[in-house]
There are 2 protein chains.
Amino acid sequence: MSTKDRLVEAGLRLLESEGPESLNARKLAAEIGASTMTVYTHFGGMAGLYEALLRQAFVRFGQALAAVEHTDDAVADLLTLGLAYRDFASASPQRYRLMFGVTAPGSSIAPPHDLTEEGSPGGIPEASATFDELREAVQRALDTGRIDGDDPVAIAAQFWSMIHGFVLLEMSGYFGTEGGGVTTVLAPHATNLLIGLGDDPAAVARSVRSARERFGDGAGPPHPGSRTPDVRRGPRPGRTSGRR
Amino acid sequence: MSTKDRLVEAGLRLLESEGPESLNARKLAAEIGASTMTVYTHFGGMAGLYEALLRQAFVRFGQALAAVEHTDDAVADLLTLGLAYRDFASASPQRYRLMFGVTAPGSSIAPPHDLTEEGSPGGIPEASATFDELREAVQRALDTGRIDGDDPVAIAAQFWSMIHGFVLLEMSGYFGTEGGGVTTVLAPHATNLLIGLGDDPAAVARSVRSARERFGDGAGPPHPGSRTPDVRRGPRPGRTSGRR
DNA sequence: TTGCTATCCATAACATAGTTACGGCATGGT
DNA sequence: ACCATGCCGTAACTATGTTATGGATAGCAA
């Protein structure tokens with residue numbers, strides 16, 4: 001593996017294991033047994049390295065989302081995509097924060113380096129794949145008549161707001177540390193949103209069950225070091241079906 | 001005003017005007033005509049100063065949310081709260097990021113200083129007022145029979161995910177720079193969520209109109225320096241009422 | 001072979017940031 | 001009068017990004 005790739009690899013690893021404050025030139029160089037100059041030889045500086053990390057993070061995120069299979073049930077696909085999204089963020093919170101600027105680009109606080117250009121949207125082309133995946137899933141749900149609407153982009157943005165807000169609040173610990181937020185908050189939220197978009201409550205419930213089964217019940221595949229003991233518990237959430 | 005207060009004041013001002021990278025001891029001290037030592041005399045270091053900034057930011061955020069009046073229409077109140085929330089974040093994006101990004105408990109990204117102790121939820125008591133306001137608004141909507149459910153906390157968390165995700169994506173530029181995201185994404189999302197929670201589509205539409213009128217149409221009161229030219233435009237969003 | 005060039009890398013120094021050591025000065029209590 | 005305490009400044013220390021400079025190697029040409 002090239003020195004360049006080894007630096008990116010070490011960067012992603014260090015970011016997750018020791019936090020963003022450890023993403024400095026000296027520690028990074030030591031990690032691959034080189035001097036700090038390698039950062040400048042290959043990336044022109046820390047900003048270039050951050051951009052490479054960002055790019056690689058988005059590539060892997062895109063792969064994780066693209067791995068979700070398409071079935072007859074477009075809504076279940078959409079929900080499964082959400083679970084995959086949440087799973088990625090949950091497994092790599094620092095990486096997720098880096099990607100979406102809660103830690104970096106848009107403005108934010110973290111690397112004193114300013115990838116401030118535009119943030120991720122324009123700067124990192126790989127980022128758009130994330131939203132494309134979501135938009136297409138929404139389009140399929142529209143095409144199969146499960147939900148109503150004429151602007152898939154606007155609807156996808158609603159789902160994105162939901163999942164993005166959820167994962168950030170969840171990783172900030174606002175939903176407890178047991179990982180039950182999926183059952184308590186995310187699943188009911190998605191259910192309510194889908195009902196509001198015109199899907200049938202019973203059909204939504206079926207799709208939710210389908211998605212959670214496909215994804216190992218939303219706790220996601222076991223990540224080494226991720227503690228998500230039991231999701232099926234706690235009080236019944238907001239309201240998941242039926243009308244008044 | 002005490003030196004301590006002047007430092008916090010200058011910190012909040014510098015944060016918004018020049019970005020978080022300007023929040024350093026030397027620039028801060030120069031701002032109030034003192035030496036860097038004042039930071040250590042009054043706050044014990046930059047971490048202490050950050051915590052003071054965080055606390056003050058949450059106090060003002062809480063005040064902004066508490067200023068939303070209670071009316072007969074609990075759902076309109078809830079929506080107005082959301083507009084006030086978005087307005088605060090939109091007017092002070094750096095402050096909002098500081099509050100919810102850097103603050104993270106478990107993982108935290110933080111300025112190189114680590115308030116990592118516990119983060120905001122436990123660490124900053126003022127932070128809980130934010131969610132309380134939201135939870136109570138949801139409770140009133142439940143009490144007046146507008147929406148169904150037995151767990152106001154879970155429902156409030158759904159609204160919080162929605163608005164938190166929205167403002168972060170919006171300030172990252174994913175919804176365009178014209179501020180039209182409220183009409184295109186946030187309002188339809190809230191509408192769909194409320195319908196999913198059992199409210200009547202027509203009643204939701206009335207409450208949405210009411211809230212936007214109360215809040216100057218969701219663009220918020222004009223902030224000096226905030227550019228939100230025209231919100232009424234663009235394509236019709238996802239679907240805002242009716243059932244199939 | 002010899003020499004030239006380009007690339008990669010290391011050593012060392014520089015600038016800036018947070019931080020600490022230390023001393024001065026004022027205020028207030030004894 | 002004397003000292004204790006608190007606030008503040010100067011200067012130095014450390015860590016980090018960055019730059020200057022030179023060496024080593026590979027590839028190519030004469």
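Aromatic ring orientation, A/Trp160 versus A/Phe100: perpendicular (interplanar angle above 60°, classes split at 30° and 60°). By the 30° and 60° cut-offs, the orientation of the rings of B/Tyr85 relative to B/Tyr96 is perpendicular.
Atom CZ in B/Phe43 sits about 17 Å away from atom P in D/dG6, given to the nearest Å. When rounded to the nearest whole Å, the span between CZ of B/Arg26 and P of D/dC8 equals 18 Å. The CE atom of B/Met46 sits 13 Å away from the P atom of C/dT20 (whole-angstrom rounding). D/dT18 atom C1' lies 13 Å from atom CG of A/Asn24, rounded to whole Å. Atom NZ of A/Lys4 is separated from atom C1' of C/dT7 by 13 Å (rounded to the nearest Å). A straight line from OH of B/Tyr40 to P of D/dA11 spans 18 Å, rounded to a whole angstrom.
Of the residues listed (B/Arg214, B/His70, B/Arg140), the one engaging B/Asp77 in a side chain to side chain donor-acceptor pair (under 3.5 Å) is B/Arg214, and it is the only one.
Take the nearest nucleotide of DNA chain D for A/Lys27 and for A/Gly44: the residue whose nucleotide is more 5' is A/Lys27.
Counting heavy atoms from C-beta on, the side chains of B/Pro188 and B/Thr184 never come closer than 4.5 Å. In this structure, the side chains of A/His164 and B/Phe166 stay at 4.5 Å or more apart for every pair of heavy atoms. Inter-residue side-chain proximity for B/Gln158 and A/Leu186 is flagged as unmet; no heavy-atom pair is nearer than 4.5 Å.
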Could you list all N or O pairs between the protein and nucleotides 8-10 of chain C that sit under 3.5 Å apart?
unit_1 : atom_1 : unit_2  : atom_2 : d
C/dC9  : OP1    : A/Thr3  : OG1    : 2.9
C/dC9  : OP2    : A/His42 : NE2    : 2.5
C/dA10 : OP2    : A/Ser35 : N      : 2.7
C/dA10 : OP2    : A/Ser35 : OG     : 2.9

